[in-house]
Amino acid sequence: MKPSLPQGTRDFSSAVLKKRNYIFGVIRNVFELYGFEPLETPAMENIETLMGKYGEEGDKLIFKILNNGLHLPEKHSNAQRDFEQVLQGKTSKGISERALRYDLTIPFARYVAMNQGQLTFPFKRYQMQPVWRADRPQRGRYREFYQCDADIAGSSSLLHEIELALIYSTVFNNLQLPVEIHINNRKILQALAEKCGGTSHMMNITIAIDKLDKIGMDKVKQELRERGLNEERVALVEKYISIKGDNQTSIQQLSTLLGDIESAKDGINEILEILQAVNQTMPSTKICVCPSLARGLNYYTGTIFEVKAVGVEMGSIGGGGRYDDLTGLFGVKGIAGVGISFGVDRIYDVLEELNAFPEHLQAGTTALIFNTGIDKSHLINVASLLRNHHISCEIFHEAVKFDKQFKYAEKKQIPFIIIIGDEELAKNTVTVKNLKTGKQDSIAPASLPSMLSL
RNA sequence: GAGGAUGUAGCUCAGCUGGUUAGAGCGUCUGAUUGUGGUUCAGAAGGUCGUGGGUUCGAGCCCCAUCUUCCUCCCCA
C-alpha cells in the first residue's frame, strides 16, 4: 500500500520540531515562572464529557471513536438499533462511548470537578497537548493541532487577569514577536445586549460583531438585521463598535454609551484596573481596549483577551478570558475560572514569516569524527571525551573515502570535523577542521573540548 | 457540512487538438578524486502520470466515482 497521512494531520521533521519546541519552551518557562503546574489528560474522554459543551457546531466537529466488538453476534441486534440513532444524527453509546479531546478547557474542568477535594485552590495549571477537530482543513487549520493553555480555577480575583496579561506580554517579548493584546469585557457586551432588548440577544450580537475585522461594518449590520435586531438597535450596536482611539478615549465613550447600566460599569472598572496594573509593571506592553472583541465561545462571563501579531496578516495567535462557572456542567457549583491559550501553529507561522527564530536552534551535531579505518577504540575515546564535556558528536559509520564523510558533515550542517588516522596516532594529535572557514589545526586531544565549545 | 480549484521523478514544475519510447531544473548515486568537502566535468538510476472505473483503434490529456492538498462559506486555534 501507499503510505499516507489522515487528512489534516502532519509529521514534524527535526528542523520544524526544533522550532516548535523552542516556542513550547519559552511558553513553559513563563507559565512556571508564574506558579502554574503542568497537567496532562488523556487523548480520549468519555463522549458525554464533551458533547454539548461546544454548541451544536462543536458537537459535529468532535471526533468519535467507534466501540470495539460491534461485530460480535450477540451484540448485533443492539448494535443495529443503536446505529439507527446515528443515522438520525444522534450519538449512541452503543456505537461510540469515547471521543478525542476537542480542547483543553473542558478536560481541565472535568479534572477540577473530579479532584476538587484534593486540589489546592486557586488551582493553577498549564497544559500543552494536541486536540482534534473534524473540521475541513485549510492553511493554518488542522484536524490535529496543539493548544497551550494556562488556567486558574477557584478564584475570582482580578489579580489573575493581570498576571495572565503579563504572561502574554512576557512570552511574546521573549519570542521577540511584536503583538497587541486586545481586551474587552463580557459584562460590557451584556449591557449592550440589555439595551438592545434583553440578554437573549447577547449571542446574536457577539457572533455578529466579532466578525467586524473580517467582514466590515456593512455586513455586520446586515447580519444583525438578519438576527432580528431593529434599526434603532442596529444603530446602537454600530455606535458601540465604532468606538476608537486610545484606551482613555475608548473607555470614556463606553461610559457615555452604556455607563447607566450596572454591569457595564463593572466591566469598565475591571478593564481600568487591569490596564493600570499592566502598564505599571510592564510599560512596553501594547494592550488596547477593543469593544468589538467578543469571542465566539459562550462560556466567557468577564474579561476577554485576544492577541494579534503586529505587522503580519494572521488571525489571533492567542485568546482567553474569564468564565464564572467552570465546573457547573459537571455538577460542581461555585468554581470560577480564568485562562489563556496560545496558538502554537500560528505563532510558528508568524515567527517564520518574520524570520524571528534564533539561529542556534538548528544546531545539531557539533563535530563529526572521521572514520579512517584505525581501531574503533581510538575514535570512541575521543567521542566520549567530547560527550563528557557536553559536546555532541558522531563517529562516521564506515571507513570510506573522505569525500563521502565530508559531504555527510556538510549535509547535516556539522560545523567541525575531526580526523584521527595513523599520522595523528603516531604524533598523539588530532586534526580539527572548521568547515565554515576551512581552517585546519593539529592539536593535542586534551585541548579538543575547549576548542569546540567556543 | 455546502461550493470551487488541484494532483506528472525525492522536490519545483513543463507536457500542444487525444497520437510512436512522458521531459527540464534541482536533488540522489557512480566516476574524474583510495587523507581533505563546497566548485567543475562525464555518466547513471529514478514514473502503474493520486486511486478505481469508463469512452476510444489509441488516454497524462475526455467522462464518472473516490482520496489528497489549497481556496470561499460555516466555525475556529
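Labels below follow one simple rule: chain letters A, B, ... track the order of the sequence lines, proteins then strands, and each chain is numbered from 1. In this text the structure is predicted, and so the values were computed from the model without any measurement. Any value given below was found using the heavy atoms of this structure, including those in side chains, with hydrogens, waters and symmetry copies removed.
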Check: protein-nucleotides 67-71 of chain B nitrogen or oxygen pairs below 3.5 Å:
from	atom 1	to	atom 2	distance (Å)
B/U69	OP1	A/G8	N	3.0
B/U69	OP2	A/Q7	NE2	3.4
B/C71	OP1	A/R139	NE	3.1
B/C71	OP2	A/R139	N	2.4

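- Considering only side-chain N and O atoms, A/K401 lies nowhere under 4.0 angstrom from the phosphate OP1 or OP2 of B/U30.
- Looking at heavy atoms from C-beta onward, A/F342 lies out of side-chain contact with A/Y146 at the 4.5 angstrom threshold.
- A/R133 forms no cation-pi arrangement with A/F63, by the criterion of a distance under 6.0 Å to the ring centre and an angle within 45° of the ring axis.
- Listed by first and then second residue, the salt bridge (charged side-chain N to carboxylate O under 4.0 Å, His left out) pairs involving residues 142-156 of chain A are A/R125-A/D151 (not counting sequence neighbours).
- Between the CD atom of A/E144 and the C1' atom of B/C76 there is a distance of 17 Å, rounded to whole Å.
- Under the salt bridge (charged side-chain N to carboxylate O under 4.0 Å, His left out) criterion, A/K439 pairs with A/D441, sequence neighbours left out.
- Within the 4.5 Å cutoff, the side chain of A/I420 has heavy atoms near those of the A/I418 side chain.
- Taking the C1' atoms as reference points, B/C63 lies 12 Å from B/U56, given to the whole Å.
- Residue pairs meeting the salt bridge (charged side-chain N to carboxylate O under 4.0 Å, His left out) criterion with at least one member in residues 315-324 of chain A, sequence neighbours excluded, are A/E161-A/R322.
- One atom, NZ of A/K411, and another, C1' of B/U28, lie 8 Å apart when rounded to the nearest Å.
- Residue contacts shown for A/K404 are limited to sugar-phosphate atoms, with no base heavy atom under 4.0 Å away.
- For the pair A/L100 CG and B/A77 P, the interatomic distance rounds to 18 Å; values are reported in whole Å.
- Residue order along RNA chain B, read from the 5' end via each residue's closest nucleotide, puts A/N434 first among A/I317 and A/N434.
- Every residue two or more places apart in sequence or in another chain that forms a salt bridge (charged side-chain N to carboxylate O under 4.0 Å, His left out) with A/K308 is listed here: A/D213.
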Any protein N or O atoms within reach of nucleotides 40-46 of chain B? Criterion: under 3.5 Å, listing atom names and distances.
none

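- Spacing of P atoms, B/C76 relative to B/G3, comes out at 22 Å, to the nearest Å.
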Compile the donor-acceptor pairs under 3.5 Å between side chains in residues 426-436 of chain A and protein atoms, sequence neighbours left out, one pair per line.
from	atom 1	to	atom 2	distance (Å)
A/T431	OG1	A/E424	OE2	2.6
A/N434	OD1	A/K436	N	2.8
A/N434	OD1	A/T437	N	3.2

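- In this pair, A/F145 lays its aromatic ring flat on the base of B/A77, centres within 5.5 Å and planes under 30 degrees apart.
- Within 4.0 Å (heavy atoms only), A/T372 reaches no atom of the nucleic acid at all.
- Considering only residues two or more places apart in sequence or on other chains, A/E238 meets the side-chain contact (heavy atoms from CB on, under 4.5 Å) condition with A/M217, A/K221, A/S242.
- For a distance-only test at 3.5 Å, the side chain of A/Q405 fails to qualify as a donor-acceptor partner of the base of B/G35.
- Using a 4.0 Å heavy-atom criterion, one finds that A/G319 contacts no nucleic acid atom at all.
- Within residues 337-353 of chain A, the residues approached by RNA chain B to less than 4.0 Å at the level of any non-hydrogen atom are A/G343, A/R346, in residue-number order.
- You'll find the side chain of A/R20 reaches within 4.5 Å of the side chain of A/V16, heavy atoms only.
- Using a 4.0 Å heavy-atom cutoff across all strands shown, A/E424 reaches at least one base atom of the nucleic acid.
- In this structure, the side chains of A/V344 and A/F24 come closer than 4.5 Å at one or more pairs of heavy atoms.
- To the nearest angstrom, C1' of B/U28 lies 14 Å from CG of A/D403.
- With 3.5 Å as the limit, one finds a donor-acceptor pair spanning the side chains of A/Y126 and A/E32.
- Whole-Å rounding puts the A/I207 CD1 to B/C76 C1' distance at 12 Å.
- At a threshold of 4.0 angstrom between heavy atoms, the contacts of A/E423 include nucleobase atoms, whether or not backbone atoms are also involved.
- Applying the salt bridge (charged side-chain N to carboxylate O under 4.0 Å, His left out) test to residues at least two apart or on different chains, the pairs with a partner in residues 3-16 of chain A are A/R10-A/D345.
- Inspection of the A/S453 and A/H389 side chains reveals no N or O donor paired with an N or O acceptor under 3.5 Å.
- Summarising the geometry, the separation between CD1 on A/I62 and P on B/C76 is reported as 13 Å, rounded to the nearest angstrom.
- Formation of a donor-acceptor pair under 3.5 Å by the A/Y102 side chain with backbone atoms of A/L50 is not found in this model.
- With pairs defined as Watson-Crick or G-U wobble and both atom distances under 3.5 Å, the stems of at least three pairs that touch RNA chain B come out as B:1-5 with B:69-73, B:10-13 with B:23-26, B:28-32 with B:40-44, B:50-54 with B:62-66.
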Sort me out a list of protein N/O and nucleotides 5-7 of chain B N/O pairs below 3.5 Å, or just none if empty.
none

